[in-house]
Number of protein chains: 2
Amino acid sequence: MPRENKSRYAVLGMLSLEPMSGYDIKKKIHRGIGEFWSESFAQIYPILKQLVEEGYAVCQIEDQEGKPDRKVYSITEAGRDELMKWLSEPVTYYPLRIELLLKLFFAHNASPDVSIHHVEQFQKRMQDVLEEYKNVEERMVSAMKSRGNWLRYRLMTLRYGIYSVEAALKWCEETLQELNGIKSGKGV
Amino acid sequence: MPRENKSRYAVLGMLSLEPMSGYDIKKKIHRGIGEFWSESFAQIYPILKQLVEEGYAVCQIEDQEGKPDRKVYSITEAGRDELMKWLSEPVTYYPLRIELLLKLFFAHNASPDVSIHHVEQFQKRMQDVLEEYKNVEERMVSAMKSRGNWLRYRLMTLRYGIYSVEAALKWCEETLQELNGIKSGKGV
DNA sequence: GAGAACATGTAAGCGGTTACATGATTAT
DNA sequence: ATAATCATGTAACCGCTTACATGTTCTC
């Protein structure tokens with residue numbers, strides 16, 4: 001059972017929203033679902049070519065002055081079928097790898113300061129991320145009054161990010177306390 | 001800046017706890033830090049060989065009857081230095097990829113039942129995981145009374161898992177409500 | 001008798017990142 | 001001037017998974 005390529009579906013899914021160029025796809029993925037997904041050009045362009053070969057997308061070339069030609073891809077009916085098929089298949093869960101925790105696990109021989117520093121960096125990061133997510137959320141909630149279901153699904157994914165980050169922040173506080181306890185040599 | 005190999009440090013880190021064979025390392029990683037890390041034999045054995053070549057580990061062969069020889073690896077002083085160096089370097093954060101959310105994001109055209117099913121599966125999974133983590137936690141807390149710092153660091157990593165899973169479960173509840181709302185065609 | 005645990009490894013191949021290549025236009 | 005945005009692609013390489021290869025002992 002060869003490992004299936006999820007990037008294909010990320011690209012195909014983006015085309016299901018509206019016709020787009022490879023460049024647009026990169027941007028939309030980054031800005032739209034950057035909390036939980038990413039793709040690079042080196043993945044997107046070959047996939048696009050492949051999707052056309054398989055009949056899941058078609059390509060129209062738009063001439064532009066000065067800039068390179070824009071290749072705008074549209075999803076086909078077969079492409080939508082393929083996407084829907086993937087959507088209904090079970091979700092596969094890959095093992096997480098969290099480097100921060102790996103370091104923490106091996107840090108008992110080093111100074112607690114090393115761990116404290118890493119956790120504090122992580123905490124700052126999470127604080128920034130949370131703020132950004134909340135801003136996005138606010139804008140989405142006010143934009144949602146009139147619009148359709150798409151935004152509601154988008155909001156669900158964002159809420160996952162918010163809950164995760166809040167959990168991470170709670171953990172940072174607890175862990176920093178514990179590390180400071182170890183530092184000052186106390187039992188607890 | 002080539003992407004650095006974290007598996008090496010996972011293996012080296014395991015050897016820092018005690019001398020072990022490749023087989024032991026696999027087991028220890030799975031049972032000990034399986035919540036946030038994993039390695040396969042196809043990674044471990046070549047890395048072990050490489051670590052010996054680099055002088056970060058040494059190997060002793062134990063003859064066994066019936067079973068294949070056990071190759072027990074021990075970390076060297078140079079190996080400990082290398083591990084400590086890595087520990088103090090900044091943590092690198094790789095972009096997450098969460099397939100469940102990718103599907104959810106593209107699911108607005110499909111039936112809400114598809115999404116409900118995926119989220120329910122995820123919820124069950126998280127419930128099982130939480131129960132297991134709590135069991136492990138309980139055992140660790142009672143074992144910790146007398147032991148040193150190692151367990152305290154281990155507990156911190158486990159707590160991260162617990163908070164994450166609790167957040168996921170909160171999200172599942174909220175999201176299932178939302179999806180059921182969409183299903184029954186209501187505005188909210 | 002089946003399967004898990006013990007034990008070590010190799011080969012093939014994919015998925016993904018990083019760096020390279022090119023070049024105009026617009027904004028600061 | 002400098003950087004960012006627009007725009008498309010290729011090449012090299014590495015990390016990792018999956019499958020293969022082999023064989024014994026212990027447990028259900």
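Chain identifiers are assigned alphabetically (A, B, ...) following the order of the sequence lines, protein sequences preceding nucleic acid strands; residue numbering begins at 1 within each chain.
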Non-hydrogen atoms of A:Ser115 and A:Ala107 that approach each other most closely: OG-CB, 3.2 Å
Residue B:Gln127 excluded, over 12 heavy atoms near CD under 6.0 Å: yes
Rounded interatomic separation in angstrom, taking CD from A:Glu4 and C1' from C:dC14: 13 Å
For atom OH of B:Tyr9 and atom C1' of D:dG15, their distance in whole Å: 15 Å
Phosphate-side-chain proximity, A:Lys6 and C:dG16, N/O vs OP1/OP2 below 4.0 Å: no
Shortest non-hydrogen contact between A:Leu87 and B:Val114, atoms and distance: O-CG1, 3.5 Å
B:Glu89 versus A:His118, closest heavy-atom pair with distance: O-CE1, 3.0 Å
Shortest non-hydrogen separation from B:Val52 to B:Cys59 and the atoms involved: CG2-CB, 4.4 Å
Length of the CZ-P vector between B:Arg8 and D:dC14, whole Å: 13 Å
Nucleotide nearest B:Asn5 (side chain, heavy atoms from C-beta), chosen from C:dT8, C:dG9, D:dG15: D:dG15
Proximity to DNA chain C (any heavy atom under 4.0 Å), residues of residues 88-99 of chain B only: B:Arg97
By salt bridge (Lys or Arg N to Asp or Glu O under 4.0 Å) - contacts of A:Arg154 (at least two apart): A:Glu35
Angle between terminal axes - the helix from C:dG1-D:dC28 to C:dT28-D:dA1, 5 pairs each end, rounded to 10°: 50°
Backbone N/O of A:Lys103 and side chain of B:Trp86: donor-acceptor pair under 3.5 Å: no
Sub-4.0 Å heavy-atom contacts from residues 23-35 of chain A onto DNA chain D, ordered by number: A:Tyr23, A:Lys27
Contact residues, residues 37-47 of chain B to DNA chain C [heavy atom, < 4.0 Å]: B:Phe41, B:Ala42, B:Tyr45
Closest heavy-atom pair and its distance - A:Leu176, A:Ile116: CD2-O, 3.9 Å
Length of the line joining B:Ile61:CD1 and C:dA7:P, which is rounded to integer Å: 14 Å
Check: B:Ser38 side chain, B:Gly34 main-chain N or O, donor-acceptor pair, under 3.5 Å: no
Euclidean distance, atom CE of residue B:Met20 to atom P of C:dA7 [Å, nearest integer]: 14 Å
Rounded interatomic separation in angstrom, taking CZ from A:Arg70 and C1' from C:dA24: 16 Å
Pairs flagged by ring pair (Phe, Tyr, Trp, His ring centres under 6.0 Å) wherever residues 20-44 of chain A is involved - sequence neighbours left out: A:Tyr23-A:Phe41, A:Phe41-A:Tyr45
Side-chain donor/acceptor of B:His117 to backbone N/O of A:Pro90, under 3.5 Å: no
Taking every non-hydrogen atom, the tightest pair across B:Arg70 and B:Ser21: NH1-OG, 3.6 Å
Side-chain N,O (B:Ser7) to OP1/OP2 (D:dG15) below 4.0 Å: no
Validation row, ring centre A:Tyr163 to ring centre B:Trp171 under 6.0 Å: no
